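Computed from a predicted structure; not experimentally measured. Residue numbers start from 1 in every chain, and the chains themselves are labelled A, B, ... in the order their sequence lines are given, proteins ahead of strands. Only this structure's heavy atoms are used, side chains among them; waters, hydrogens and symmetry mates stay out.
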Amino acid sequence: MRLSKFFGQTLREAPSESDSASSQMLVRAGYVRQLAAGLYSYLPLAHRSLRKIEQILREEMDAISGQEMCMPVVHPAEIWQESGRWYEIGDEMGRFQDRKGRELVLAMTHEEVVTTLCKSEIRSYRQLPQMVYHMQTKFRDEPRARGGLIRVREFVMKDSYTLDKDFDGLQSQYEAHYDAYHRIGARLGLNLVAVQSDPGMMGGKIAHEFMYVTPIGEDSLAICEETGYASNLDVASFRKIPEPSDPPQPLTRVHTPGQATIAKVADFCGVTTRQTGKMVFYMGDFGAENPPKLIAACVRGDMEINELQLRYAVNAQALRPAETEEIAAAGCISGYASLRDIDHTKAVTVVDDLIPESGNLVVGANEHDWHFTGANYGRDFIANIVAPIALAYDGAPDPIDGKPLRVVRGVEVGNIFQLGTRYSASMGATYTDESGVEHPIVMGSYGIGVGRALACVAEEYSDDYGMDLPISVAPYHVFLVSLGRSGKVKEKAEALYSALLAAGVEVIYDDRDVSPGVKFADADLLGMPLRCTVSSRSLSRGGAEFGRRRSKDLAIIPLRDAVEQIQEEIIRCFDKLHQLLEHLPTWESQPK
RNA sequence: CGGGGCGUAGCUCAGCCCGGUAGAGCGCUGCGUUUGGGACGCAGAAGUCGUCGGUUCAAAUCCGGCCGCCCCGACCA
């Protein structure tokens, strides 16, 4: 590729709409252009990188017996109605009608289509197990696209689907994906951390997310390097250690004027926040046929509510913070609320499982400017439900060995779900076993966002000058630049370019008639890992300069050996990257 | 969906308070000089000031509606 013919241009300044390093660099380097919120065009450089990422995905999926196929982006509504997700999913699903008024859906994912195919293709246990995959566009009308390429509305995902006759089969294909995803991360130059995750609307019980840890991530993770525990914060558990307390003391009403926050009241009463109980109120949505109900949750004062776990504990479909009037309707006073005086029929009352183990708490007295001291669960207040509803926090003891958890941010590059029979049962995809009995097929689904992976790689490998992409992802391996307009330099550079092309080296050649500063700046920006410079200076020293991007110590390589030496260096780059494959985490090595 | 910000040349932005000729830098075009880290001179092209309406003799500027984009939150198979 000649840079003089390149479709697109580099930008000295990033457009104001992009924020993260990855987005800014990809825009400045002419890889991508935004068309609208969450919709991007991928220019030739990005497209080459995306194809390379896809090829890595393809190789790793094929290696675990995947069969590549392709399913449509537009689906009839009926299959989504059959699975039930037509009704469960809201505005994030793109819906439209064809000319006859038939309801159509833009694919958010492809479980429904795979399951439909199972109905026509899979009849017997003899046809199982199976693993199919494709790389196909998804559309999700996110309420808010953000972070440049990290969260977009239209994107290509590699999604694979496993079909098994039982859960043992599923488990084995799940583990194969678990290991394959680590290999994919390594080949992309990304350290992906597998964390336990919430299966959510995918159904099923076991799920992992593969996270690229970065401050710009949207998800919070709780991880412990020492024990290997790693979980999405949503589902993270931790050891709960009760605060030592004296034998139960009498419940005492205390005047606490103006002490409406936990910190203030703890300070006022001379106790730590660990010796207080904190009330948080939500309105729970229990489905269309049930009225919304107040949820009164209590955690220890130093902790926060894990809303997902609370939602599961009360079996609600959704939660939102309650208004002051809604709290008052159950007989509680905001800021001084207590489970002692609440009407347990008007609210679902929940305490974290640490509360019954905590003695002599300071809690609200349900009256302005009054609290109780010496409150003890069971004697002074109770709840409908006792469940682990406290959110893990930085420094919390991990559940395996009590070592401190670290809470970090991450971007979800991939995920794996054990679906079980969630789709096959509702849609009637069955096989016949050895004894002639029909069973629903046991399914798994496994996704990796291709564009998101590129964004993460760009984020990881950016510096002040541009990107320094791994050899496996860079659109070209070598950036060849000629300096000066002397006929000899141009001639030699052209000859080297032709020789590299003839040898099959992926090279981008800056043949433009611009100043050296511009060429070097663009070379730095564009992200090719290797650079080769031909100039009168290099020629007088015996050939071309060659080395890593922005490297200070550049070797002079004679032009007659240049192609060979460049090829060898490319191989060394790949070898170095592939060394990462040697010590990857595996399913076997993760803590159980 | 709640809160905040922004919309002026291809890009980054000034001008808006205080209404009256639409600006700068970068980029682009031409000519000349220059060529190892975003060169310089001269000449030039380029904008329905997001959009619709209102106020006014007069609106980029004041007022209102709408649209779009960004950020925080809610949401996120």
Look at the side chain of [X] and decide which nucleotide, out of [options], has an atom nearest to it.
X: A/S515; options: B/C11, B/U35, B/C69; result: B/U35
X: A/P516; options: B/C69, B/G27, B/U35; result: B/U35
X: A/Q9; options: B/C70, B/C75, B/G27; result: B/G27
X: A/R144; options: B/C71, B/U35, B/C70; result: B/C71
X: A/A36; options: B/C75, B/C69, B/G38; result: B/C69
X: A/D513; options: B/U35, B/G38, B/C69; result: B/U35

Aromatic plane relationship, A/Y40 with A/Y42 - under 30° parallel, 30 to 60° tilted, over 60° perpendicular: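 Ring orientation of A/Y42 relative to A/Y40: tilted.
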Whether A/H110 and A/H75 hold their rings parallel, tilted or perpendicular, with breakpoints at 30° and 60°: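 If you compare the ring of A/H110 with that of A/H75, the planes turn out perpendicular.
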Figure out the [atom1]/[atom2] separation between [X] and [N], and round it to whole Å.
X: A/D219; N: B/C75; atom1: CG; atom2: P; result: 13 Å
X: A/D464; N: B/G38; atom1: CG; atom2: C1'; result: 15 Å
X: A/R12; N: B/G25; atom1: CZ; atom2: P; result: 13 Å
X: A/I150; N: B/C75; atom1: CD1; atom2: P; result: 21 Å
X: A/L11; N: B/C13; atom1: CG; atom2: P; result: 12 Å
X: A/I216; N: B/C72; atom1: CD1; atom2: P; result: 11 Å
X: A/E323; N: B/C1; atom1: CD; atom2: P; result: 18 Å
X: A/M283; N: B/G2; atom1: CE; atom2: P; result: 19 Å

Under 4.0 angstrom, heavy atoms only, what part of the nucleic acid is [X] near: base, sugar-phosphate, or nothing?
X: A/R549; value: nothing
X: A/E545; value: base
X: A/Y282; value: nothing
X: A/R550; value: base
X: A/R33; value: nothing
X: A/S486; value: nothing

Mark yes or no for whether [X], through its side chain, and [Y], through its backbone, hold a donor-acceptor pair below 3.5 Å.
X: A/K138; Y: A/Q136; result: yes
X: A/S538; Y: A/G543; result: yes
X: A/R409; Y: A/T214; result: no

Across all strands shown, which nucleotide pairs with [N] by Watson-Crick or G-U wobble geometry, both distances under 3.5 Å?
N: B/C40; answer: B/G32
N: B/A24; answer: B/U12
N: B/G47; answer: none
N: B/C1; answer: B/G73
N: B/G64; answer: B/C52

Residue met sooner reading RNA chain B from 5', once A/T10 and A/A37 are mapped to nucleotides: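 In this pair, the answer is A/T10.
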Closest-nucleotide ordering on RNA chain B, the 5'-leading residue of A/S536 and A/G447: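 Comparing both residues, the 5'-ward one is A/S536.
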How far does the [atom1] atom of [N] sit from the matching atom of [M], given to the nearest Å?
N: B/C63; M: B/G20; atom1: P; value: 15 Å
N: B/G25; M: B/C40; atom1: C1'; value: 16 Å
N: B/G44; M: B/G4; atom1: P; value: 47 Å
N: B/U34; M: B/A39; atom1: P; value: 16 Å
N: B/A14; M: B/G7; atom1: C1'; value: 15 Å
N: B/C62; M: B/G19; atom1: C1'; value: 8 Å
N: B/U12; M: B/C70; atom1: C1'; value: 15 Å
N: B/U51; M: B/C18; atom1: P; value: 25 Å

Result of checking A/L50, A/V32, A/I508 against A/L45 for side chain to side chain contact (heavy atoms under 4.5 Å, CB included):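 Among A/L50, A/V32, A/I508, the one that satisfies the side chain to side chain contact (heavy atoms under 4.5 Å, CB included) with A/L45 is A/I508.
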pair A/L559-A/L539: side-chain heavy atoms closer than 4.5 Å: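 Sidechains of A/L539 and A/L559: in contact.
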Check: B/U34 base within 3.5 Å donor-acceptor of A/R485 side chain: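 Such a pair is found, so the answer is yes.
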Pair of N/O donor and acceptor under 3.5 Å linking B/G38 base with A/R512 side chain: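 Flag unset: no donor-acceptor pair detected.
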Quiz item: cation-pi between A/R550 and A/Y465, 6.0 Å / 45°: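 Positive - A/R550 is close enough to the ring of A/Y465 and near enough to its axis.
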